[in-house]
Amino acid sequence: MIREAIVEAQRALARGEVPVGAVVACRGRIIARAHNMVETLNDPTAHAEMQAITAAANALGGKYLGDCTMYVTLEPCPMCAAAMYNAHLGELVYGASDTKRGYRTISPNLLHPKTTVQSGILEEECAALMKLFFRELRKKF
């Protein structure tokens, strides 16, 4: 499923967005897909995870995602981790760590106590998208 999140990150990259992608699966079936839309929507809260939480809650008809797993290409920021807490997300699986803005650096206890976490899944592939984006961005300046 992390590969599906990578596809979403590639969609973000193609739109000039920071390449973060997320999918939410419930009982093995993808119920939501999203990628960063911050620039497109001119909305600093339009992170891939926030978009995916909203779509998953709509798909389930409820705000709790306890039976769900979110797969995301980059370690969530504190805002997204707090939203996952409020959604009672069952499991978080992410690729690359974010040592500057990730929730573990800023506040490692933001996730719900019942949320399980797997990190470093296809980490190099996920990190490569971020490196490509920022390398290209630096060329513009």
Side-chain angles (χ1 to χ4, degrees), residues 1-60 62-141:
M1 299 272 186
I2 194 82
R3 290 204 184 280
E4 294 297 322
I6 290 170
V7 168
E8 289 298 320
Q10 291 167 335
R11 288 184 176 135
L13 182 65
R15 296 180 82 150
E17 298 277 356
V18 175
V20 178
V23 298
V24 177
C26 188
R27 298 181 187 100
R29 191 177 121 252
I30 293 175
I31 62 169
R33 300 172 178 271
H35 55 271
N36 268 1
M37 300 277 293
V38 172
E39 301 301 326
T40 303
L41 298 176
N42 201 25
D43 178 357
T45 68
H47 291 194
E49 301 95 323
M50 301 295 279
Q51 302 296 312
I53 288 168
T54 299
N58 285 334
L60 294 175
K63 62 184 177 181
Y64 295 120
L65 305 179
D67 292 334
C68 298
T69 301
M70 180 177 294
Y71 299 85
V72 62
T73 56
L74 183 67
E75 176 186 345
C77 72
M79 174 185 67
C80 294
M84 290 173 195
Y85 182 101
N86 287 331
H88 297 200
L89 182 69
E91 183 176 19
L92 169 64
V93 177
Y94 67 87
S97 294
D98 186 345
T99 58
K100 293 182 181 178
R101 295 191 172 128
Y103 81 93
R104 292 180 313 144
T105 299
I106 295 168
S107 186
N109 296 318
L110 277 175
L111 293 174
H112 193 278
K114 292 183 180 179
T115 301
T116 60
V117 179
Q118 291 184 55
S119 60
I121 310 302
L122 296 179
E123 183 172 14
E124 290 179 21
E125 195 170 336
C126 293
L129 286 169
M130 297 296 288
K131 290 175 185 172
L132 172 64
F133 175 80
F134 286 107
R135 185 173 47 246
E136 293 300 314
L137 186 64
R138 282 190 294 276
K139 286 182 184 178
K140 294 178 181 179
F141 296 103

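The figures here come from the full heavy-atom set of this structure, side chains too, leaving out hydrogens, waters and symmetry mates.
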At what distance, to the nearest 0.5 angstrom, does [atom1] of [X] lie from [atom2] of [Y]?
X	Y	atom1	atom2	value
L13	L129	CG	CG	6.5 Å
N86	H112	CG	NE2	9.0 Å
T69	I30	OG1	CD1	11.0 Å
C26	L65	SG	CG	8.0 Å

Item to check | Residues which pass salt bridge (charged side-chain N to carboxylate O under 4.0 Å, His left out) with E75, listed by chain and number, not counting sequence neighbours | outcome: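 Scan of E75 (salt bridge (charged side-chain N to carboxylate O under 4.0 Å, His left out), adjacent residues dropped) gives R104.
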For the student: nearest non-hydrogen atoms of [X] and [Y], plus distance:
X	Y	result
A22	V72	CB-CG2, 4.0 Å
I121	V93	CG1-CG1, 3.6 Å
I31	A59	O-CB, 3.8 Å
G102	P78	C-CD, 4.4 Å
A52	A32	O-CB, 3.6 Å
P19	T73	O-OG1, 3.8 Å

Does any part of the side chain of [Y], heavy atoms only, come nearer than 4.5 Å to the side chain of [X], both counted from C-beta?
X	Y	value
T105	D98	no
M50	M79	yes
L110	Y85	no
Q10	E8	no
M70	E49	yes
C80	Y103	no
M84	T115	no
E17	V38	yes

Next on the checklist: For H47, run the side-chain contact (heavy atoms from CB on, under 4.5 Å) check against V18, I53, L74, N36 and tell me which one passes.
Outcome noted: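 Considering V18, I53, L74, N36, a side-chain contact (heavy atoms from CB on, under 4.5 Å) with H47 is found only for N36.
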Next on the checklist: Does this structure show an ion pair linking R33 with E4, if we count only N-O contacts that are shorter than 4.0 Å?
Outcome noted: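 Yes, this pair counts.
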